[in-house]
Amino acid sequence: MTTSVVPAAGRGKRLSLVAPSPKALIPLGGQPLLCWTMAALEQTPIVDSIVLVAPPDDLATFEQLAQSGGWRKLFAITAGGEDRQQSVWLGLKAMPPQTEWVIVHDAARPLVTPQLVTSVWEAARETGFAAIAAIPCADTVKRSLDGAIVNETLDRKQLWLAQTPQVFAAEVLRHAHETALAEGFFATDDAMLVERLGLPVRLVIGDLTNLKITHPSDLLMAEALLKARLGFK
């Protein structure tokens with residue numbers, strides 16, 4: 001069984017000028033951003049169940065949205081934690097016990113396609129451990145220790161910009177989170193936790209349109225991409 005854990009507990013602080021929190025409920029193309037993410041996962045054949053991780057204070061709102069959306073694959077809605085890592089961990093604990101593979105995909109990436117989800121899933125199964133969607137870095141990257149002076153220029157040929165979906169063997173991801181929790185280690189994505197175990201994480205070419213909604217300008221770009229995808233003018 002493959003379960004998708006969808007972290008959707010973010011408050012969208014950097015979007016506060018254009019929309020209320022939580023971020024997953026921000027309007028996009030006439031419906032909450034989360035609805036597009038869920039629709040893509042619902043349409044992905046290899047996804048058997050979905051665990052939605054919502055803000056603790058807004059569980060009732062998300063449950064109402066789930067009822068109106070008729071999400072067939074939704075297994076559970078659970079309350080998130082203080083940060084993304086805690087939210088994913090709580091999502092893992094709410095999964096069906098027979099889950100063998102976990103797809104972690106942020107609600108804040110609403111333009112993901114079923115094809116990309118499937119490609120990353122297939123790559124993870126080939127390794128037996130993990131795979132992530134990522135984009136080769138196209139910009140020159142500078143490293144600074146103080147935010148004022150450049151200390152070095154990194155080789156962009158070795159740099160990739162991580163996206164979600166990220167797919168893991170369920171036991172591997174559980175162990176990675178348990179280890180991080182015991183050691184007080186914090187990561188910005190789940191792949192980093194698995195990397196700490198010394199296990200291989202396969203790179204899969206992501207999609208530039210699979211953007212993360214973080215700033216107001218991202219909403220404008222997502223609206224334009226969505227209209228182009230749906231054939232609207």
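Residues: numbered from 1 along the sequence shown.
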**Study point:** Derivation of the side chain to side chain contact (heavy atoms under 4.5 Å, CB included) call for R156 and D139
**Key:** CA-CA 7 Å; R156 68 182 183 186; D139 297 319; 5.6 Å; no
Practice item. Return yes if a side-chain donor-acceptor contact under 3.5 Å exists between K73 and S49, otherwise no. Key: no
Practice item. Indicate if F75 and V6 have the same hydrophobic cluster label, given that clusters are the connected sets of ILVMFWY residues with side-chain heavy-atom separations under 4.5 angstrom. Key: no
Practice item. Look up atom CG in D218 and atom CD1 in I26, then write down how far apart they are to the nearest 0.5 Å. Key: 10.0 Å
Review point. About how many Å separate OG of S68 and CD of Q31, when rounded to the nearest 0.5 Å?
Key: 9.5 Å
**Study point:** Co-membership, hydrophobic cluster, residues V88 and V53, 4.5 Å side-chain
**Key:** yes
Point to revise | D189 side chain to M192 backbone, donor-acceptor under 3.5 Å | key: yes
Review point. How far apart are the C-alpha atoms of I50 and I103, what are their side-chain angles, what is the distance that settles it, and do they pass the side chain to side chain contact (heavy atoms under 4.5 Å, CB included) test?
Key: CA-CA 9 Å; I50 300 172; I103 300 169; over 6 Å; no
Check your understanding: Just by distance, with hydrogens left out, do H105 and S4 show a side-chain donor and acceptor under 3.5 Å apart?
Key -> no
Exercise for review: Using a strict cut-off of less than 4.0 Å between a Lys/Arg side-chain nitrogen and an Asp/Glu carboxylate oxygen, indicate whether R202 and E126 qualify as a salt bridge.
Suggested key: yes
Revision key, fill the gap. Closest non-hydrogen contact found for V112 with P165 is CG2-CD, 3.9 Å
Practice item. Output yes when R84 and D106 qualify as a salt bridge under the 4.0 Å nitrogen-oxygen rule, no when they do not. Key: yes
**Study point:** Flag if over 12 foreign heavy atoms under 6.0 Å of CD, Q98
**Key:** yes
Review point. So, does E100 use its side chain to make a donor-acceptor pair with the main chain of M1 at under 3.5 Å?
Key: yes
Exercise for review: Provide the closest heavy-atom pair for T118 versus I46 in the form atom of the first, atom of the second, distance.
Suggested key: OG1-CG1, 4.0 Å
Review point. Which atoms form the tightest heavy-atom contact between V47 and L41, and what is the distance?
Key: CB-O, 3.7 Å
**Study point:** Donor-acceptor contact present, side-chain H177 to main-chain L181, <3.5 Å
**Key:** no
Point to revise | Shared hydrophobic cluster, V117 / F168 (ILVMFWY, side-chain heavy atoms < 4.5 Å) | key: no
Exercise for review: For W36 and L28, indicate whether the former's side chain and the latter's backbone hold a donor-acceptor pair under 3.5 Å.
Suggested key: yes
Review point. Does the S144 side chain pair with the main chain of V150, one donor and one acceptor, at a distance under 3.5 Å?
Key: no
Review point. Short question: side chain of D207, backbone of T113 - any donor-acceptor pair under 3.5 Å?
Key: no
Check your understanding: Where do A124 and A131 come nearest, in terms of heavy atoms and distance?
Key -> N-CB, 3.5 Å
Review point. Is there a path of hydrophobic side-chain contacts, each under 4.5 Å between heavy atoms of I, L, V, M, F, W or Y residues, that connects V120 with M38?
Key: yes
Point to revise | Q86 side chain vs E82 backbone, donor-acceptor pair below 3.5 Å | key: yes
Review point. Just by distance, do the side chain of T99 and the backbone of T3 share a donor-acceptor pair under 3.5 Å?
Key: no
Review point. Can you tell me how far OG1 of T44 sits from CD of Q115, rounded to the nearest 0.5 angstrom?
Key: 8.0 Å
**Study point:** Expected output: side-chain Q166 to main-chain Q163 donor-acceptor under 3.5 Å
**Key:** yes
Exercise for review: Give a yes or no on whether a salt bridge exists between R174 and E171, defined as a side-chain N under 4.0 angstrom from a carboxylate O.
Suggested key: yes
Check your understanding: Closest approach of P56 and G80, non-hydrogen atoms and distance?
Key -> CG-O, 3.4 Å
**Study point:** F62 versus A8, closest heavy-atom pair with distance
**Key:** CZ-O, 3.9 Å
Review point. With no hydrogens and no angle check, is any side-chain donor or acceptor of R109 less than 3.5 Å from a backbone partner on N210?
Key: yes
Practice item. Evaluate side chain to side chain contact (heavy atoms under 4.5 Å, CB included) for V201 paired with I132, printing each intermediate quantity in order. Key: CA-CA 7 Å; V201 178; I132 67 171; 3.8 Å; yes
Practice item. Group every Ile, Leu, Val, Met, Phe, Trp and Tyr by side-chain heavy-atom contacts under 4.5 Å, then state whether I77 and V51 land in the same group. Key: no
Point to revise | Check: M95 and V5 side chains under 4.5 Å, non-hydrogen atoms | key: yes
Review point. Would V102 and V172 satisfy side chain to side chain contact (heavy atoms under 4.5 Å, CB included), going step by step from the backbone distance to the final call?
Key: CA-CA 10 Å; V102 184; V172 167; over 6 Å; no
